[in-house]
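Here the structure is a predicted model, which means the values were calculated and not measured. Read the numbers this way: they start at 1 and go in the same order the structure lists the ligands and their atoms. Residue numbers run from 1 in the order of the sequence given.
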Amino acid sequence: MLFEGLAHKLQETLRKLKGKGKLSEADVKQAMREVKLALLEADVNFKVVKDFINSVTERAVGQEVMMSLTPGQQVIKVVNEALTELMGKTKTDINISSKDLTVLMLVGLQGSGKTTTAGKLANYLKKQGHSPLLVAGDIYRPAAIKQLQIIGEKAEIPVFAMGDKNKPVNIIKRSLEFARSKGLNIVIIDTAGRLHINDELMEELKEIKLEVEPDEILLVVDAMTGQDAVNIAQTFNYQLSLDGVILTKLDGDTRGGAALSIKAVTNCPIKFIGVGEKLEDIEPFHPDRMASRILG
Ligand code: GDP
């Protein structure tokens, strides 16, 4: 379960405060030391933890909190607000044009869940009344095209593929013409990943970005890789200016470090989360709900 350890520790620490009635500054500082350790154990980025604790401590030892009738509860409220802000404050939607074709380009490393997520996202948007097209732009991973076609069949969503002999940028350009000719309104491009970030990958993605001008570039990243996920997001963002992140495999992530750090480190909002292998296992990311889940 996501945030298992963190939720347990934070709830324990904050329960102690709640039981105290009147609080001293020392009580709050002691609690914040415990919160800090819990966040570090959850694999949250060190700098993010430091800023978070400073901001919460400042707010929590303020006059209003300490003088209130229920200071313990007020501290919990401050922590809740700070956690929500850390993850981006409010839900960030994908911008879908009402007039023209919306082009969403999914990028990410091999194995991150890109192809699966392309299908999930298409299925999600279809259920909202849109007409998506899936585009098989990952021509390097042998099974990726077939995988996308199978997903498309299952979800009854058209898939545009031209095999693995054409350049991805040409496949994608053709797919846009195809989508327009069929009256489809969203194109979701599955691009090629690599095992690691390298120049070849970035050059290819930059070329697509330049020539196709997607409306949004979304990074698909595996939450289970913890701080690696944050580093990957930082590099992709630097190279491509991401519009958002889709954090996959949250169902297998117990610590939650990436979910808590990505927005603060990269300033890119997490737009969706993947919570399983099935087509329906995708959810919009709600920072406030996530914070409440952690604090119980
Ligand atoms: P790609 O190489 O990035 O296109 O990755 P794939 O889409 O092939 O996914 C790699 C593996 O991760 C597959 O076995 C997927 O079923 C699995 N996967 C993708 N998203 C999730 C998720 O949110 N949760 C879980 N548990 N598995 C996922």
Side-chain angles (χ1 to χ4, degrees), residues 1-4 94 104-125 127 132-155 157 159-161 163-164 168 171-172 175 187-198 200-202 204-205 208 214 217-226 228-233 235-236 239-240 242 244-260 262 270-286 289-290 293:
M1 196 187 86
L2 180 63
F3 297 128
E4 205 164 16
I94 288 178
L104 307 176
M105 174 176 168
L106 301 194
V107 300
L109 293 182
Q110 204 167 306
S112 61
K114 204 164 11 71
T115 305
T116 312
T117 302
K120 287 177 179 178
L121 189 61
N123 189 53
Y124 176 87
L125 293 169
K127 289 207 165 125
L133 173 70
L134 284 163
V135 179
D138 182 355
I139 60 165
Y140 303 110
R141 186 162 68 84
I145 299 175
K146 187 81 200 140
Q147 190 184 340
L148 199 66
Q149 282 166 333
I150 291 170
I151 292 172
E153 248 169 61
K154 210 167 164 189
I157 290 166
V159 175
F160 186 90
D164 57 5
I171 298 175
I172 294 163
S175 77
V187 171
I188 299 173
I189 306 164
D190 182 23
T191 60
R194 301 285 191 283
L195 287 175
H196 306 282
I197 292 175
N198 61 30
E200 191 190 32
L201 168 67
M202 286 303 170
E204 183 176 293
L205 295 175
I208 297 173
I217 303 181
L218 301 165
L219 173 71
V220 177
V221 66
D222 177 349
M224 283 169 70
T225 60
D228 264 354
V230 180
N231 296 334
I232 290 165
T235 309
F236 271 87
Q239 299 278 354
L240 295 165
L242 301 172
V245 171
I246 303 181
L247 205 53
T248 60
K249 310 187 195 180
L250 239 71
D251 51 309
D253 179 28
T254 52
R255 299 208 284 175
L260 284 166
I262 277 185
I270 299 173
K271 294 200 169 178
F272 285 92
I273 51 175
V275 292
E277 296 192 80
K278 292 197 299 293
L279 207 52
E280 299 78 28
D281 294 334
I282 189 166
E283 296 171 10
F285 182 71
H286 293 270
R289 287 187 205 164
M290 224 22 123
R293 215 162 118 183

*Between Gly274 and ligand 1, is there a nitrogen or oxygen pair with a distance under 3.5 Å?*
yes
*Shortest protein heavy-atom distance from atom 8 (O) of ligand 1, along with the residue and atom involved*: Gln147 NE2, 3.1 Å
*Are a donor atom and an acceptor atom from the side chains of Asp190 and Thr115 found within less than 3.5 Å of each other?*
yes
_Checking a contact table here: which protein heavy atom is nearest atom 4 (O) of ligand 1, and how many Å away?_
Thr115 OG1, 2.7 Å
*Any heavy atom of Gly252 sitting closer than 4.0 Å to ligand 1?*
no
*asked:* Out of Ser112, Gly113, Ala143, who is nearest to atom 9 (O) of ligand 1 when you count heavy atoms only?
replied: Gly113
*Considering heavy atoms of the protein only, find what lies nearest to atom 3 (O) of ligand 1 and give residue, atom and distance to 0.1 Å.*
Lys114 N, 2.7 Å
_atom 7 (O) of ligand 1: nearest protein contact (heavy atom, Å)_ = Thr116 OG1, 2.5 Å
*For the side chain of Thr248 and the backbone of Ser112, is there at least one donor-acceptor N/O pair under 3.5 Å apart?*
yes
*Tell me, please: is Val275 in heavy-atom contact with ligand 1, that is, under 4.0 Å?*
yes
*Given Ala223, Gly108, Ala144, Gly276, which has its nearest heavy atom closest to atom 21 (C) of ligand 1?*
Gly276
*Which ligand 1 atoms does Gln110 reach within 4.0 Å, using its non-hydrogen atoms?*
2 (O)
*Considering heavy atoms of the protein only, find what lies nearest to atom 18 (N) of ligand 1 and give residue, atom and distance to 0.1 Å.*
Lys249 CE, 3.9 Å
*For atom 2 (O) of ligand 1, find the nearest protein heavy atom and state the residue, atom name and distance (0.1 Å precision).*
Gly111 N, 2.7 Å
*Examine ligand 1 and decide if any of its atoms is less than 4.0 Å from a heavy atom belonging to Leu109.*
yes
